[in-house]
Amino acid sequence: MDIDTIGDWKRTDDCGSLRRDDIGREVVLIGWVNRRRDLGKLIFIDLRDRFGLTQIVFDKESDAISHERASILRNEWVIAVKGEVTPRVAGQENPDLPTGDIEVKVNELKILNETEVPPFQVNGKIDASENLRLKYRYLELRRPALFHNLVMRHKIALSIRNFLNTEGFLEVETPFLAKSTPEGARDYLVPSRINKGSFYALPQSPQLFKQLLMMAGFDRYFQIVRCFRDEDLRADRQPEFTQVDLELAFVDEDGIMDVVEGMMVDIFSKVLGYGVSRPFSRIEYNKALDLYGSDKPDLRFGMELVDVSDLVRSSTLKAFTKVIGEGGVVKAINVKKGASFSRKELDELSSMVTDTGAKGLFWAKLRPDGWQSTLNKFVPPDSRSALEERLGAVEGDLIIFVSDMANVAGEALGRLRIEIGRRLGLVKDGTYSFVWITRFPLLEYDEDEKRYVAVHHPFTAPLEEDIPLLGERPEAVRARSYDLVLNGEEIGGGSVRIYNIGLQDQIFRILGLGNEEAKEKFGFFLEALTYGAPPHGGIALGFDRLVAIMVGAESLRDVIAFPKTQRATCAVTDAPSPVGRDQLAELGLSVL
RNA sequence: GGGGACGUAGUUCAGCUCUGGUUAGAACGCCGGCCUGUCACGCCGGAGGUCGCGGGUUCGAGUCCCGUCGUCCCCGCCA
């Protein structure tokens with residue numbers, strides 16, 4: 001095969017831009033062969049680049065040489081053509097293509113590259129296995145769907161930068177070669193050659209650096225920044241991911257939420273043309289668990305959890321009375337028009353409940369002739385009508401009960417709520433519902449480590465009114481923290497920070513961090529607190545997740561150009577990989 | 001660390017359980033031929049398989065059993 005060089009040809013137009021107005025122009029197009037239709041003396045090719053498709057025509061009658069050469073072209077070859085933009089034969093326009101009114105009649109062809117048979121069809125509708133799509137990512141990226149996601153990602157990032165710039169934020173880069181600190185996720189470590197036996201850690205977030213920038217008087221900082229956490233992956237979790245990291249001085253919760261809400265409204269309007277209404281609703285953490293059994297509730301539909309313990313206390317059902325006697329609860333949801341659920345579906349829901357560790361589920365279908373339920377013989381009629389009234393249940397509805405300790409029952413019903421919402425199609429595509437979840441607990445007791453750990457991070461300020469509780473009941477202290485939840489997914493979390501050295505010391509002590517260790521791990525930070533630290537706070541938003549929701553992707557992999565597999569490997573390059581002995585020796589390392 | 005699903009032409013899948021049995025099929029792609037208005041072009045012909053890998057049961061294994069590797073989903077974990 002003879003391959004041509006491009007010579008002095010210059011591309012005059014991309015493959016998505018030619019229109020009727022261009023008819024008569026002599027153009028040079030370069031791109032990939034998306035599809036060929038060889039009719040014998042006439043060959044059509046859809047030429048593709050990232051901007052679109054343009055049909056080019058090789059006509060034996062008008063240019064026998066190019067036509068002859070074109071007969072060997074195959075999908076995914078790279079070609080350049082010179083030719084004239086002509087109108088398509090009347091009635092042969094293609095309304096599905098923006099360029100469908102015209103075609104380019106070729107009078108000179110250059111073949112710039114040929115190709116092996118690709119491992120999957122770039123132009124096809126069929127999706128190859130994720131395996132192949134990841135390994136040959138550069139081919140997958142030629143396909144419009146994934147490419148579109150990355151364009152959206154770019155647009156969203158651009159909107160964010162523009163918005164924050166207008167609001168007076170400075171983008172500042174912080175180190176990737178950072179210090180390993182206790183608390184939080186497992187670190188990715190980087191060995192130091194110059195200081196053998198010592199390690200950098202890749203940042204889980206720029207948390208301390210951005211607080212130092214506040215102490216430096218930067219006032220408003222942001223960064224769209226890569227973060228690293230060496231934990232197991234999920235569809236919504238990558239080991240390296242991108243945060244929109246913000247920090248502001250001299251603000252409280254309201255000031256921070258205000259900026260973020262403004263930013264979200266701006267992005268959704270500019271990128272999706274979608275109107276988000278402000279202010280976002282706010283629900284305190286405890287209330288969210290009560291009403292939705294989740295700290296990231298999807299508020300696109302209702303179906304709230306209702307405590308009915310008092311109404312069934314006098315029933316004769318042990319599963320209810322025993323749990324209540326032990327301090328548990330009976331909670332219920334009303335599934336509107338749910339009486340049509342089949343026995344099989346209810347069994348599936350029931351097994352979901354047992355999977356979460358809850359003891360099981362009872363249900364009642366509201367039929368015209370009364371309840372269809374095993375509860376009938378245990379719950380007297382007047383209790384039944386009281387339940388119906390509290391749940392707002394009417395004929396055709398389905399009431400689902402779960403009894404257990406409050407947190408277990410809540411979680412179980414919370415999951416049911418989401419699953420039922422999905423099954424009943426209560427969630428419309430293309431709708432977005434934001435909610436702030438506020439006042440998380442500051443600390444929780446870790447049974448494994450036998451100590452308190454920070455729910456958010458150790459620099460989060462406690463609610464002022466709860467500070468007196470720090471000594472006696474640390475777990476009861478609420479934090480000045482907030483998560484931003486979009487469509488039932490956590491897309492960000494932040495807090496007002498501690499800026500007082502005494503309070504920070506106290507928190508470290510409660511976390512079981514001795515003076516020595518605190519000094520060794522966080523000494524630089526504690527010292528910084530003594531040199532005039534301003535009140536400040538901030539938030540980190542999961543950029544990949546935000547993009548995924550906005551483009552409707554199911555996995556973060558679909559909004560990242562070169563993502564990691566679930567085993568945290570790079571399918572393209574095969575990283576991580578062993579390194580030679582020399583390289584290890586230079587670092588003073590050996591492998592166990 | 002635990003649970004689950006999947007793995008068969010280049011690709012996507014069927015065949016696999018109940019019931020192991022001649023030559024493992026389809027579509028798309030690929031190769032060759034024909035075709036002047038196609039746009040998922042059409043028509044004719046052809047090539048292409050270590051049934052992920054290893055072991056076991058059996059006269060006989062894509063099919064049953066065990067192990068292993070890979071991809072994905074979930075729990076733990078992810079301040």
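To find a chain, count down the sequence lines: A is the first, B the second, and so on, and within it residues start at 1. The basis for the numbers below is simple: all heavy atoms, side chains too, and nothing from hydrogens, waters or symmetry mates.
- Look at A:R478 and A:D466 and you find a salt bridge, because one of the NZ, NE, NH1 or NH2 atoms lies within 4.0 Å of a carboxylate O, short of that distance.
- The distance between atom CD of A:E554 and atom P of B:C73, rounded to the nearest whole Å, is 10 Å.
- When distances are taken from the side chain of A:R88 to each of B:C73, B:C78, B:C39, the shortest belongs to B:C39.
- Contact between the side-chain N/O atoms of A:R37 and the OP1/OP2 oxygens of B:G37 is not found at any separation under 4.0 Å.
- B:C28: Watson-Crick or G-U partner is B:G10, with both key distances under 3.5 Å.
- Remark: A:K564 pairs with A:E240 by the salt bridge (charged side-chain N to carboxylate O under 4.0 Å, His left out) rule, at least two apart or across chains.
- For B:C30, the OP1/OP2 oxygens have a side-chain nitrogen or oxygen of A:N75 closer than 4.0 Å.
- Comparing the P positions of B:G10 and B:C31 gives a spacing of 15 Å, expressed to the nearest Å.
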Please produce a list of atom pairs where a protein N or O lies less than 3.5 Å from an N or O of nucleotides 46-48 of chain B.
none

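- In this structure A:F51 satisfies the ring pair (Phe, Tyr, Trp, His ring centres under 6.0 Å) test with no other residue, sequence neighbours excluded.
- Screening residues 440-461 of chain A for salt bridge (Lys or Arg N to Asp or Glu O under 4.0 Å), with sequence neighbours left out, gives A:E183-A:R451, A:E447-A:K450, A:E449-A:R451.
- With hydrogens and angles ignored, a donor-acceptor pair closer than 3.5 Å exists between the side chain of A:D38 and the base of B:C35.
- Under the Watson-Crick and G-U wobble criteria, each requiring two contacts below 3.5 Å, nucleotide B:C39 is left unpaired.
- Pairing for B:G48 is absent, judged as Watson-Crick or G-U wobble with the two contacts each under 3.5 Å.
- In summary, the side chains of A:N94 and A:Q55 do not present any donor paired with an acceptor at a separation below 3.5 Å, with no hydrogens or angles considered.
- Residues A:R69 and A:S71 have side chains that never bring a donor and an acceptor to within less than 3.5 angstrom of each other.
- The structure places CG of A:L112 at 10.5 Å from CH2 of A:W32, a figure rounded to the nearest 0.5 Å.
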List the protein contact pattern of nucleotides 1-10 of chain B with one symbol per nucleotide (5' to 3'): B for base contact, S for sugar-phosphate-only contact, - for none; contact means a heavy-atom distance under 4.0 Å. B--------B
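- You'll find that the side chain of A:S129 is closest to B:U12, out of B:U36, B:U12, B:U38.
- The side-chain hydrogen bond (donor to acceptor under 3.5 Å, both in side chains) test applied to A:E348 returns A:R423, not counting sequence neighbours.
- Taking every side-chain heavy atom of A:R229 into account, B:C78 is the closest of B:U71, B:G37, B:C78.
- Under the ring pair (Phe, Tyr, Trp, His ring centres under 6.0 Å) criterion, A:F120 pairs with no residue, sequence neighbours left out.
- Residue contacts for A:T460: at a heavy-atom cut-off of 4.0 Å it reaches no nucleic acid atom on any strand shown.
- Annotation: B:C28 and B:G37 have their C1' atoms spaced 24 Å apart (nearest Å).
- For B:G76, neither phosphate oxygen OP1 nor OP2 lies less than 4.0 angstrom from any side-chain nitrogen or oxygen of A:R186.
- Per the geometry, NZ belonging to A:K105 stands 11 Å off C1' belonging to B:G37, to the nearest Å.
- Nucleic acid contact class of A:R133 (heavy atoms, under 4.0 Å, all strands): none.
- Among the nucleotides B:U11, B:G70, B:C72, the one closest to the side chain of A:Q566 is B:C72.
- Of the charged side-chain nitrogens involved, at least one lies within less than 4.0 Å of a carboxylate oxygen, so that A:R25 and A:D13 count as a salt-bridged pair.
- As rounded to the nearest Å, B:G42 and B:C35 have C1' atoms that lie 8 Å from one another.
- Remark: the separation of the C1' atoms in B:U17 and B:A61 is 15 Å, to the nearest Å.
- Comparing B:A9 with B:C30, their C1' atoms are spaced 11 Å from each other, to the whole Å.
- Across every strand in view, B:G20 sits unpaired, with no contact that passes the Watson-Crick or G-U test at under 3.5 angstrom.
- Within 4.0 Å of A:S495, counting heavy atoms only, lies no atom of the nucleic acid at all.
- Taking atom C1' in both B:G48 and B:G29, the straight-line distance is 11 Å, to the nearest Å.
- With sequence neighbours excluded, no residue forms a side-chain hydrogen bond (donor to acceptor under 3.5 Å, both in side chains) with A:Q504.
- The interatomic distance linking A:N94 (CG) with B:U38 (P) rounds to 11 Å, in whole Å.
- Looking at residues two or more places apart in sequence or on another chain, you find a side-chain contact (heavy atoms from CB on, under 4.5 Å) between A:T181 and A:F522.
- Remark: A:A235, A:R237 in residues 235-245 of chain A come within less than 4.0 Å of RNA chain B through at least one heavy atom.
- In this structure, A:R36 atom CZ and B:G32 atom C1' are separated by 11 Å, rounded to whole Å.
- Contacts of A:Y482 classified as side-chain hydrogen bond (donor to acceptor under 3.5 Å, both in side chains), with partners at least two apart in sequence or in another chain: none.
- In this structure, A:V453 reaches neither bases nor backbone, as no heavy-atom distance under 4.0 Å exists between it and the strands shown.
- In this model, the phosphate group of B:A40 is not approached by any side-chain N or O of A:R35 to a distance below 4.0 Å at OP1 or OP2.
- When distances run from any side-chain atom of A:L39 to the nucleotides B:C39, B:U36, B:G70, the shortest one goes to B:U36.
- Salt-bridge formation is detected for the pair A:R48/A:E76: a Lys NZ or Arg NE/NH1/NH2 atom is positioned less than 4.0 Å from an Asp or Glu carboxylate oxygen.
- Base pairing of B:U71: its partner is B:A5, meeting the Watson-Crick or G-U wobble criterion (both donor-acceptor distances under 3.5 Å).
- Rounded to the nearest Å, the gap between the P atom of B:C69 and that of B:U23 is 34 Å.
- Between the side chain of A:D46 and the base of B:C39, no donor-acceptor pair of N or O atoms lies under 3.5 Å.
- The side chain of A:E231 approaches B:C77 more closely than any other nucleotide in the set B:U71, B:C77, B:C39.
- B:G15 sits 39 Å from B:C77 when the P atoms are compared, rounded to a whole Å.
- Applying the side-chain hydrogen bond (donor to acceptor under 3.5 Å, both in side chains) test to A:S350 and every residue at least two apart in sequence or in another chain returns nothing.
- Atom CG of A:N34 is separated from atom P of B:G29 by 13 Å (rounded to the nearest Å).
- Note on A:E103: a base of the nucleic acid sits closer than 4.0 angstrom, heavy atoms only.
- Picking from B:C78, B:G37, B:C73 the nucleotide with the shortest atom distance to the side chain of A:L42 gives B:G37.
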